[in-house]
Amino acid sequence: MGDAAEDRAKAATYPEGDVLRVLYEQHARIRDLFAAVKAAGGDRRSETFAELRTLLAVHETAEEMVIRPATTAAGGKDVADARNHEEAEANEVLQRLEKLDPAGSDFESLLAELEASVDEHAEAEEHEEFPLIESSCDEGQRQAMGMHLRAAEAVAPTHPHPSTAGSTVAQYAVGPFASIIDRTRDAVRAAMH
Ligand SMILES: [Fe+2]
Ligand SMILES: [Fe+2]
């Protein structure tokens with residue numbers, strides 16, 4: 001199981017704006033949000049889950065559009081295909097999850113399943129994919145990719161420390177998961193052109 005503090009420490013080893021820094025920061029926030037959803041009760045749980053769902057939609061969609069082509073170009077087509085497949089599976093689980101009552105036990109068990117698969121997926125990215133990006137993309141490319149990931153985040157500005165008790169209500173994109181993905185695609189496409 002990966003660790004948010006480790007991801008943040010890793011993020012800090014890359015320059016501001018570098019795609020690897022952005023990716024590790026997003027992984028840390030995803031891990032924090034899983035913990036926050038589990039810890040939250042009542043309305044706070046629905047709200048925190050909406051935030052997690054949004055960040056996952058934004059993160060995975062942007063990775064598919066920005067990172068996978070670079071991984072493929074670096075000779076990692078199999079790695080890219082495996083990661084895209086894992087993301088598609090996680091999207092299906094998320095779409096089942098968003099139909100459930102966050103207070104119910106079905107929700108809890110499906111959330112645990114999703115957390116385990118997202119964790120495994122993120123670890124695979126960090127160990128197999130990010131090193132390919134690091135060794136094959138120069139600084140300029142990495143800054144450009146970082147900017148494209150940030151453009152995707154603009155779809156759904158989330159609170160930087162969502163698990164902080166007493167934090168103001170985070171802003172997150174509303175609407176079904178599929179519509180957040182569509183908006184993310186539009187934002188990334190616009191940033192890439
Ligand atoms: Fe991913
Ligand atoms: Fe990722």
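Counting starts at 1 for both ligands and their atoms, following the listed order.
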Exercise. Check the hydrophobic clustering (I, L, V, M, F, W, Y; side-chain heavy atoms under 4.5 Å; chains of links allowed) and say if Val93 and Val37 are grouped together.
Key: yes
Practice problem: Quick one: list whatever passes side chain to side chain contact (heavy atoms under 4.5 Å, CB included) with Val22, sequence neighbours left out. | Solution: Gln26, Leu149, Arg150
Quiz item: What is the total of protein N/O/S atoms that are closer to the Fe ion (ligand 1) than 2.8 Å?
Solution: 5
Exercise. Indicate yes or no for a side-chain donor-acceptor contact from Asp101 to the backbone of Phe107 under 3.5 Å, with no hydrogens or angles considered.
Key: no
Quiz prompt | Distance-only side-chain donor-acceptor flag, His121 / Glu60, under 3.5 Å | solution = yes
Self-check item: Contacts of His59 that satisfy ring-ring contact (aromatic ring centres under 6.0 Å, His included) - sequence neighbours left out
Solution: His27
Quiz prompt | Qualifying side chain to side chain donor-acceptor pair (under 3.5 Å) pairs, either residue in residues 128-138, two or more places apart | solution = Tyr14-Glu134, Arg68-Glu129, Thr71-Glu129, Arg83-Glu128
